[in-house]
Number of protein chains: 2
Amino acid sequence: MTVSPLPLAEFVVRVDNVIFSVDTDQNRLLVLLVQRQQPPFIGYWSLPGTLVRQGESLEAAAYRTLAEKIRVSNLYLEQLYTFGESDRNPTYGKRYLSVSYFALVRFADAELIVPGELPVQWFALSACPDLAFDHSKILAYGHRRLCNKLEYSPVAFDVLPEYFTLNDLYQFYSTVLGANFSDYSNFRSRLLKLGILQDTHQKVIRGAGRPATLYRFDREAFAALKDKPLVFV
Amino acid sequence: MTVSPLPLAEFVVRVDNVIFSVDTDQNRLLVLLVQRQQPPFIGYWSLPGTLVRQGESLEAAAYRTLAEKIRVSNLYLEQLYTFGESDRNPTYGKRYLSVSYFALVRFADAELIVPGELPVQWFALSACPDLAFDHSKILAYGHRRLCNKLEYSPVAFDVLPEYFTLNDLYQFYSTVLGANFSDYSNFRSRLLKLGILQDTHQKVIRGAGRPATLYRFDREAFAALKDKPLVFV
DNA sequence: ACAAAAGTGTTTACTTTACACCCATGA
DNA sequence: TCATGGGTGTAAAGTAAACACTTTTGT
């Protein structure tokens, strides 16, 4: 850690969250956006973000931003990427660094906190406007990560209800990855063969048709397979 | 970007590089370390890093650190992860944020710049000491990334000479992933079937044995397959 | 002629894909 | 009894792993 002879940059660090959710009823992948009330980019939609406070870890700042916008019981959160602009911000006279986080929340119990002044809203990813700053780039990056994660990691179970049918799981995957990502019956057999789903022997009836079996994610069985690469798609 | 009522943290941002190289002659995966001359952790080895200067992008800082330690003609560089301590550093009175970068350089032409005071050295990953700060954690993270990258992305070609034999490529993979990562003949057929290697029809003789064909990476052919997932192992 | 390294081919087991078909329920 | 969604099975194609074998060079 040599002391540099040239002046160091002083930074204010932002955390910006790409918060996804899946509305399986309407088959839509959603992203949470807030509308800016101040310049620059006034009126534009942007990712929910915040400035990191004294004594606050990056992850804590990410959780705080999330908690300011929605109440959720279950979620998956991980760091995405750090974007650094090289020129100083005129307002603060300092440089901004944006550490982005990627979150996936359960739609059914994601209750939006809509304060008077700051519009917060789910957007279908397919109908998403141009965002402020470089947030469209961050969003695209987050979407790629989400698709990849689904293939080899059990994030879906962090966000599905505790008990779910194989069709619920399939709908979830279809909505994120697009239809034709896989044949339903092959998806079934693949997932069941992994041995990470517990059959509860309970059935659920939803309208017409044969009752579906309820499964739950078996965390112990999954932990035992931690080193083996899993393929969900 | 709401102005927060609570005091914001002021940051000094470091860039720390996990710089890997592969010595295919000795079958060793190497990482570049520097020995600390100041407290804390005086005498400990650490990842080469630097503080980000005014007007300097994160990536530029990563390249600068690299260029201060080694001269290379070819390399692969990407951002790894951002580690943020939540408590302020006593020396600077500010918080540190460490944005880590992951680099892979060609060993043959990585010429170490050894200044008088600051020892810089390649370490075999298998014989790597405990590092200063949380750098062992960062290194482990970088190693995992390297192994994953090799499986689905053509980083090896950024770091192999322009013309190489299939055995060179195999040695490279073996050294990083460990022997028994794959049978040589199966590796050959898999790589050739991808269609991203150009046969130059030139042969090279290295000691005894049948001359080997020289190949080169076919960037156009690879670009055409960009959307299809490739498997190198 | 033999060792060494490059390169080819083959056998076997497994996965993936596409699709046909049966099952259990409500209307 | 038929529509609807749940669930099983299977044939064909493709991939992976192990390994035997051939080819071309230096010594």
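Remember, it's a predicted structure, so these values are computed and weren't measured experimentally. Convention: sequence-line order gives letters A, B, ...; per-chain numbering from 1. Just so it is clear, the values below take in all heavy atoms, side chains as well, and ignore hydrogens, waters and symmetry mates.
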Between the protein and nucleotides 10-17 of chain D, which nitrogen or oxygen pairs are less than 3.5 angstrom apart?
| residue | atom | partner | partner atom | Å |
| --- | --- | --- | --- | --- |
| D:dA17 | N7 | B:Asn186 | ND2 | 3.4 |

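- Ring centroid separation for the pair B:Tyr81 and B:Phe83 comes in under the 6.0 Å cut-off.
- Screening residues 133-145 of chain A for side-chain hydrogen bond (donor to acceptor under 3.5 Å, both in side chains) gives A:Glu78-A:Arg145 as the qualifying pairs, with residues at least two apart or on separate chains.
- In this structure, A:Asp199 has no salt bridge (charged side-chain N to carboxylate O under 4.0 Å, His left out) partners at least two apart in sequence or on a different chain.
- Rounded to whole angstrom, the span from the CG atom of B:Leu192 across to the C1' atom of C:dG9 amounts to 14 Å.
- Between A:Tyr184 atom OH and C:dT16 atom C1' there is a gap of 18 Å when expressed in whole angstrom units.
- For B:Phe217 against B:Phe164, the heavy-atom pair with the smallest separation is N-CE2, 3.8 Å.
- Annotation: B:Phe187 is in aromatic contact with B:Phe181 [ring centroid separation under 6.0 Å].
- Taking the side chain to side chain contact (heavy atoms under 4.5 Å, CB included) definition, one finds that B:Ala212 meets it with B:Thr165, B:Val204, sequence neighbours left out.
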**OP:** Using a 4.0 Å cut-off on protein heavy atoms (strictly under), produce a 5'-to-3' string for nucleotides 22-27 of chain C with B for base contact, S for backbone-only sugar-phosphate contact, and - for none.
**Re:** -BBBS-

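- One can place CD of B:Gln202 at 17 Å from P of C:dA6, the figure rounded to the nearest angstrom.
- For the pair A:Phe187 CZ and C:dT17 C1', the interatomic distance rounds to 16 Å; values are reported in whole Å.
- Rounded to whole angstrom, the span from the OH atom of B:Tyr170 across to the P atom of C:dG7 amounts to 14 Å.
- A side-chain donor-acceptor contact under 3.5 Å links A:Arg64 and A:Thr50.
- Checked for salt-bridge contact, A:Arg206 and A:Asp168 meet the test: a charged N lies under 4.0 Å from a carboxylate O.
- Judged purely by distance below 3.5 Å, without hydrogens or angles, the side chains of B:Asp109 and B:Ser73 pair a donor atom with an acceptor atom.
- Using a 4.0 Å cut-off, some side-chain N or O of B:Thr213 falls inside it from OP1 or OP2 of C:dG7.
- Below 30°, between 30° and 60°, or above 60°: for A:Trp45 and A:Phe123 the angle between ring planes is above 60°, a perpendicular geometry.
- For A:Leu230 and C:dT15, the CG to C1' distance is 16 Å, given to the nearest whole Å.
- Donor-acceptor pairing under 3.5 Å is recorded for the side chains of B:Arg216 and B:Tyr163.
- Regarding contacts with the backbone of D:dG5, every side-chain N or O of A:Arg206 stays at 4.0 angstrom or more from both OP1 and OP2.
- Atom CG in B:Asp168 sits about 15 Å away from atom C1' in C:dG7, given to the nearest Å.
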Original post:
Under a cut-off of 3.5 Å for both distances of each Watson-Crick or G-U pair, what dot-bracket string does DNA chain C give, using [ ] for crossing pairs and | for inter-strand pairs?
Top reply: |||||||||||||||||||||||||||

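- One can place CG of A:Asn167 at 11 Å from C1' of D:dG7, the figure rounded to the nearest angstrom.
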